[in-house]
Amino acid sequence: SKAYERVEWEFLTRMMLKLGVNQNWVNVVMEFMTTTSYRVRVNGDPMEDIKPQRGVKQGIPSRPICF
């Protein structure tokens, strides 16, 4: 992956605080972002949860995609 494609958790936290976002709101947003998990199906079978650990990729929506 390229360096400009990923936003690290720490950078996101510091940027929100620098922009003047209230600490309580930053805590809520980071709790949402860091506790998310994904589950995919392979050949119709659900696999184990995938938990992001580094940060978010730019261009990826932060809400579930429903089909």
Side-chain angles (χ1 to χ4, degrees):
S1 84
K2 298 179 176 110
Y4 60 84
E5 289 183 334
R6 188 170 305 277
V7 178
E8 301 286 339
W9 300 137
E10 183 66 23
F11 175 80
L12 185 59
T13 301
R14 287 182 180 193
M15 183 57 69
M16 286 190 290
L17 291 171
K18 189 80 166 171
L19 291 171
V21 177
N22 180 281
Q23 179 70 57
N24 291 332
W25 181 243
V26 171
N27 294 342
V28 169
V29 170
M30 293 312 297
E31 182 72 17
F32 169 74
M33 297 298 289
T34 59
T35 59
T36 289
S37 64
Y38 305 95
R39 182 174 285 182
V40 296
R41 291 181 180 263
V42 175
N43 296 327
D45 297 324
M47 305 308 290
E48 291 184 31
D49 285 352
I50 301 168
K51 297 182 180 174
Q53 296 177 354
R54 273 187 69 202
V56 292
K57 279 191 90 161
Q58 293 183 32
I60 303 286
S62 59
R63 65 180 188 279
I65 300 172
C66 301
F67 295 98

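Count residues from 1 along the sequence. FYI, side chains are in, hydrogens and waters are out, and symmetry mates aren't considered; it's all heavy atoms of this structure. Not measured: the values here are computed from a predicted model.
- Take R39 and apply the salt bridge (charged side-chain N to carboxylate O under 4.0 Å, His left out) test, not counting sequence neighbours, and it matches D49.
- Within the structure, every pair that satisfies the side chain to side chain donor-acceptor pair (under 3.5 Å) test and touches residues 21-30, not counting sequence neighbours, is listed here: Q23-N27.
- Atom CG of L17 and atom CE of M15 lie 10.5 Å apart (nearest 0.5 Å).
- Residues satisfying the side chain to side chain contact (heavy atoms under 4.5 Å, CB included) test with M47, not counting sequence neighbours, are V40, V42.
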